[in-house]
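The block underneath contains the structure these notes are about, expressed in structure tokens.
Order of listing sets the numbers, starting from 1, for every ligand and every atom in it. Note that the coordinates shown come from a computational prediction; the quantities given were computed from them, not determined experimentally.
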Amino acid sequence: MTENKRPPTSDKFDFVDILGVDRAKLEHLLAVAERLKTQYRATGRHEPLAAHKTLAMIFEKPSLRTRVSFEVAMTHLGGAAIYITPGEIGLGTRESVPDAARVLSGFCDAIMARTFAHDTILQLARYSNRPVINALSDRSHPCQVMADLLTIREHFGILSGLTLAYIGDGNNVARSLMEACAVFGLKFRIAAPAGYELHPSDVQTASSIPGFDFQAGTDPFEAVKAADIIYTDTWVSMGQENEKAQRMKIFTPYQINAKLISAAPPHAVVMHCLPAYRGVEITDEAMDFARSIVFQQAENRLHFQKGLLAVQLGGQ
Ligand code: CP
Ligand code: NVA
């Protein structure tokens with residue numbers, strides 16, 4: 001019997017949402033990611049922690065960073081990744097989500113999925129006996145924000161006590177960022193137009209974490225005034241294309257530009273999960289200025305995901 005054919009354990013580690021994982025485990029994921037990044041930078045390789053293992057990657061939406069970084073991570077770890085479009089497997093149409101989960105977990109060692117409905121991820125996790133990874137749903141984007149924490153810690157040397165100001169839509173990325181800030185002791189400020197705020201029940205859940213420092217409003221200048229990090233995302237998430245015209249008007253005051261940056265402390269950095277719509281939610285000047293760390297942030301998707309896979313598949 002090869003290692004790959006071992007029966008799955010009942011204590012599989014799904015990575016679905018930040019608040020579904022305890023703080024010590026999240027710290028461990030960051031530490032493994034940092035170690036593998038250092039090792040890879042120094043030697044161009046590391047132990048094949050996922051040798052002979054295969055990751056199934058289901059994408060209901062487009063992707064550059066997530067798809068490529070997971071695939072490269074599996075390559076670096078000595079395993080393989082299979083890119084699957086829902087049109088190909090007919091997720092929920094040709095075959096039910098539970099059945100697809102059961103079948104894929106018989107072939108593969110882990111399943112990663114980018115979906116519209118968050119419930120699809122939950123169903124995959126429920127019916128797969130292999131680890132499942134949320135690679136973005138309409139509700140959350142936990143892999144993104146863990147890579148963001150890696151980036152913030154690289155830049156500032158700490159996490160706890162920093163202030164992150166999120167400007168724009170109270171979307172999936174904002175929700176996961178709020179949760180990550182709550183767990184790791186960053187102060188979270190959000191400026192969003194009325195009607196586009198984070199859902200109060202999600203804020204209430206995050207606020208139950210002791211010490212969480214949260215402020216919400218509609219004024220981006222107020223939000224950034226004590227910010228160490230200014231963060232934004234697209235105003236039109238995947239699946240919201242029919243709201244584009246309306247959103248473009250409503251979100252105009254929320255652009256990250258030189259004027260807004262100048263209202264923040266002089267050391268504040270700019271982050272964006274990307275893809276960026278230059279000239280819309282962020283200007284060229286803001287994307288490309290000296291304290292923009294957006295491309296370091298993008299690269300860290302690879303390093304965080306490598307750490308995650310090394311834990312899920314490589315016994316780290
Ligand atoms: N940030 C992010 O998830 O990028 P992609 O949509 O390109 O994967
Ligand atoms: N909020 C964006 C994130 C893209 C990475 C979306 O869901 O489209």
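- Nearest residue to atom 8 (O) of ligand 1 from Pro62, Ser63, Cys273 is Ser63 (criterion: closest heavy atom).
- Here the rule is side chain to side chain contact (heavy atoms under 4.5 Å, CB included) with Ile229, and of Asp148, Val269, Thr163 only Val269 fits it.
- For the residue pair Asn300 and Thr151, a side-chain donor N or O sits within less than 3.5 Å of a side-chain acceptor on the partner.
- Hydrophobic clustering (side-chain heavy atoms under 4.5 Å, transitive across Ile, Leu, Val, Met, Phe, Trp, Tyr) groups Ile158 together with Val145.
- For the salt bridge (charged side-chain N to carboxylate O under 4.0 Å, His left out) with Glu34, the qualifying choice from Arg41, Arg153, Lys306 is Arg153, the only one to do so.
- Residue, atom and distance of the protein heavy atom nearest to atom 8 (O) of ligand 2 are Met238 N, 2.8 Å.
- Residue contact check: Thr66 has heavy atoms under 4.0 Å from atoms 2 (C), 3 (O), 5 (P), 8 (O) of ligand 1.
- An N or O contact shorter than 3.5 Å is missing between Met238 and ligand 1 by distance.
- Under 4.0 angstrom from ligand 1, the non-hydrogen atoms of Leu274 all belong to its backbone.
- Ligand 2 has Leu274 within reach: a non-hydrogen atom of the residue lies less than 4.0 Å from it.
- Using a 4.0 Å cut-off between charged nitrogen and carboxylate oxygen, Arg175 and Asp17 do not count as a salt-bridge pair.
- Atoms of ligand 2 lying under 4.0 Å from at least one heavy atom of Asn171, given by number and element, are 1 (N).
- Here's the thing with Arg67: none of its N/O atoms is less than 3.5 angstrom from an N/O atom of ligand 1.
- Using a cutoff of 4.0 Å between basic side-chain nitrogens and carboxylate oxygens, Lys25 and Asp22 are not scored as salt-bridged.
- Counting heavy atoms closer than 4.0 Å to ligand 1, residue Gln144 contributes side-chain atoms (C-beta onward) but none from N, CA, C or O.
- Ring geometry, His46 versus Tyr40: the interplanar angle falls from 30° to 60°, so the pair is classed tilted.
- When all heavy atoms of Pro131 and Phe13 are compared, the pair lying nearest together is CB-O, 3.4 Å.
- Proximity annotation for atom 6 (O) of ligand 1: of His141, Arg65, Arg114, Arg114 comes nearest, heavy atoms only.
- Classification of the Tyr254-Phe251 ring pair by plane angle, with boundaries at 30° and 60°, yields perpendicular.
- The Arg301 neighbourhood of ligand 1 comprises atoms 1 (N), 2 (C), 3 (O), with distances under 4.0 Å to a heavy atom of that residue.
- Ligand 2 places these atoms under 4.0 Å from at least one heavy atom of Leu136: 3 (C), 4 (C), 5 (C), 7 (O).
- Ligand 2 has an N or O atom lying under 3.5 Å from an N or O atom of Asp233, backbone or side chain.
- At a 3.5 angstrom cut-off on N or O pairs, Pro275 does not count as close to ligand 1.
- Close contacts between ligand 1 and Leu64 involve ligand atoms 5 (P), 7 (O), 8 (O) [criterion: under 4.0 Å to a heavy atom].
- Residue contacts with ligand 2 for Asn172 involve side-chain atoms from C-beta outward but no N, CA, C or O (heavy atoms, distance under 4.0 Å).
- Grouping the Ile, Leu, Val, Met, Phe, Trp and Tyr side chains by contacts below 4.5 angstrom, directly or via other members, places Met238 apart from Phe70.
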